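Remember, it's a predicted structure, so these values are computed and weren't measured experimentally. If you read the sequence from its start, that first residue is 1, and numbering goes on from there.
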Amino acid sequence: MNNLRPTTFEDVIGQADVKERLSIMIAGCKDGEVLPHTLLDGPPGLGKTTLANAIASELGVKIHTLNAATIRNIKSLIPYLMSVERGSIVFIDEIHRLPTLVEEFLYPVMEDFRLDIMQENEDEGIDIPPFCMIGATTNGGSLTQPFYDRFVIKEHLQFYTPSELANLAR
């Protein structure tokens with residue numbers, strides 16, 4: 001079965017302004033810089049997941065895809081964070097559904113690329129390579145302000161125009 005999801009910005013229909021701004025940011029990351037944490041916000045079906053995958057493809061990096069509805073505690077997130085490579089992407093769909101405890105755990109991860117965990121009743125800090133977290137949400141206003149503020153790039157997706165819808169149908 002062929003993957004019908006576009007893998008490059010050129011193949012993504014719609015969101016021209018968003019793609020242009022993201023392309024500029026990606027161009028700045030070609031010399032080993034890591035794309036800043038990015039939040040994609042908009043109604044369902046407008047291409048948030050597609051854009052996240054296209055970003056990974058454009059950067060030539062791995063993407064780890066999770067759905068916040070399945071992340072009920074910190075332990076379920078640790079394996080993904082421990083497997084990041086420099087510049088790779090952790091994509092969390094429906095990020096507004098993360099429990100508050102997990103959200104707060106992510107603050108030092110996003111700011112300092114450091115996992116603060118308890119091991120045998122002692123705090124242990126584990127450094128991880130710098131990576132880009134991409135969050136996708138249909139409800140950006142429901143993120144707590146401290147969490148929202150940790151996303152440097154914030155893009156709101158717009159509805160398709162009639163001609164874009166026609167292209168999608170083809």
Side-chain angles (χ1 to χ4, degrees), residues 1 3-7 12 15 18 22 25-26 29 33-159:
M1 183 171 153
N3 183 4
L4 296 176
R5 194 180 294 272
T7 57
V12 173
Q15 311 305 335
V18 171
L22 288 172
M25 295 299 290
I26 288 168
C29 296
E33 292 297 316
V34 176
L35 186 70
H37 302 304
T38 302
L39 185 65
L40 303 174
D41 174 40
L46 296 184
K48 294 178 290 293
T49 302
T50 298
L51 280 171
N53 283 292
I55 290 168
S57 177
E58 296 280 343
L59 286 168
V61 299
K62 288 183 182 177
I63 184 168
H64 307 273
T65 301
L66 305 115
N67 188 301
T70 64
I71 302 171
R72 302 308 339 138
N73 56 50
I74 294 166
K75 286 182 183 178
S76 59
L77 194 55
I78 298 285
Y80 296 98
L81 296 173
M82 292 295 291
S83 67
V84 298
E85 298 170 1
R86 180 174 176 78
S88 65
I89 293 172
V90 174
F91 172 62
I92 303 179
D93 199 8
E94 299 184 40
I95 199 162
H96 60 276
R97 296 183 65 181
L98 283 178
T100 303
L101 187 65
V102 174
E103 215 179 86
E104 291 172 352
F105 169 78
L106 286 172
Y107 295 169
V109 172
M110 293 173 76
E111 289 178 341
D112 303 322
F113 304 105
R114 181 177 177 83
L115 299 174
D116 291 329
I117 58 175
M118 287 289 286
Q119 191 152 337
E120 298 178 13
N121 295 330
E122 289 190 31
D123 285 333
E124 184 175 337
I126 300 170
D127 292 329
I128 59 174
F131 70 97
C132 171
M133 180 176 296
I134 298 179
T137 180
T138 55
N139 191 358
S142 68
L143 271 64
T144 63
Q145 193 65 46
F147 194 43
Y148 180 84
D149 289 344
R150 282 169 172 82
F151 291 95
V152 176
I153 301 170
K154 298 171 183 89
E155 292 291 348
H156 181 75
L157 278 55
Q158 302 295 322
F159 286 106

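- A donor-acceptor pair under 3.5 Å is absent between the side-chain atoms of Thr144 and the main chain of Ser142, judged by distance alone.
- The shortest heavy-atom contact between Arg72 and Ala68 is NH1-O, 3.4 Å.
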- Show your reasoning for whether side-chain contact (heavy atoms from CB on, under 4.5 Å) applies to Leu143 and Phe151. CA-CA 11 Å; Leu143 271 64; Phe151 291 95; 4.2 Å; yes
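- Shown here is Phe159, whose CZ atom has no more than 12 heavy atoms of other residues, nucleotides or ligands within 6.0 Å.
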- Task: Using the side-chain contact (heavy atoms from CB on, under 4.5 Å) rule, take Leu106 and Met133 through it: C-alpha gap first, then chi angles, then the decisive distance, then the call.
- Result: CA-CA 10 Å; Leu106 286 172; Met133 180 176 296; 3.8 Å; yes
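- Residue Gly140 comes nearest to Tyr148 through the heavy atom pair O-CD1, 4.2 Å, listed as atom of the first residue, atom of the second, then distance.
- With rounding to the nearest 0.5 Å, the separation of CD1 in Ile78 from CG in Leu115 is 5.0 Å.
- Of the possible donor and acceptor atoms, none in the side chain of Ser88 sits under 3.5 Å from a partner among the backbone N and O of Val84.
- From Leu81, atom CG reaches atom CD1 of Ile126 across 10.5 Å, with rounding to the nearest 0.5 Å.
- Side-chain contact check for Leu22 versus Leu35: every heavy-atom pair is 4.5 Å or farther apart.
- In this structure, the separation between CD on Glu103 and CZ on Phe147 is 5.0 Å, given to the nearest 0.5 Å.
- Once rounded to the nearest 0.5 Å, the distance linking CD1 of Ile89 with NZ of Lys62 reads 13.0 Å.
- The CG atom of Leu77 sits 11.5 Å away from the NE2 atom of His64 when rounded to the nearest 0.5 Å.
- Of the options Thr137, Thr70, Asn67, Asn139, a side-chain hydrogen bond (donor to acceptor under 3.5 Å, both in side chains) to Glu94 is made by Asn67 and by none of the others.
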- Message: Using the rule given for side-chain contact (heavy atoms from CB on, under 4.5 Å), can you reason through Asn73 versus Leu101, listing the C-alpha separation, both sets of side-chain angles and the distance that settles it, and then say yes or no?
- Response: CA-CA 8 Å; Asn73 56 50; Leu101 187 65; over 6 Å; no
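- Put simply, the side chain of Lys48 gets close to the backbone of Gly42: a donor and an acceptor are under 3.5 Å apart.
- No side-chain donor-acceptor contact under 3.5 Å links Thr138 to the backbone of Pro44.
- Separation of atoms CD (Glu58) and OG1 (Thr7) is listed at 8.5 Å; rounding is to 0.5 Å.
- Ring pair Phe113/Phe131 is perpendicular by interplanar angle, where above 60° counts as perpendicular and below 30° as parallel.
- A donor-acceptor contact shorter than 3.5 Å is absent between the side chain of Asn53 and the backbone of Ala56.
- Using a 4.5 Å cut-off on side-chain heavy atoms (C-beta onward), Val34 and Arg86 make contact.
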- Check the pair Ile63, Ile134 against side-chain contact (heavy atoms from CB on, under 4.5 Å), reporting the backbone distance first and the verdict last. CA-CA 10 Å; Ile63 184 168; Ile134 298 179; 5.6 Å; no
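- When all heavy atoms of Pro36 and Cys132 are compared, the pair lying nearest together is O-SG, 3.3 Å.
- With Gln158 contributing its side chain and Gln15 its backbone, the two residues share no donor-acceptor pair below 3.5 Å.
- Between Tyr80 and Ile71 there is no side-chain heavy-atom pair separated by less than 4.5 Å.
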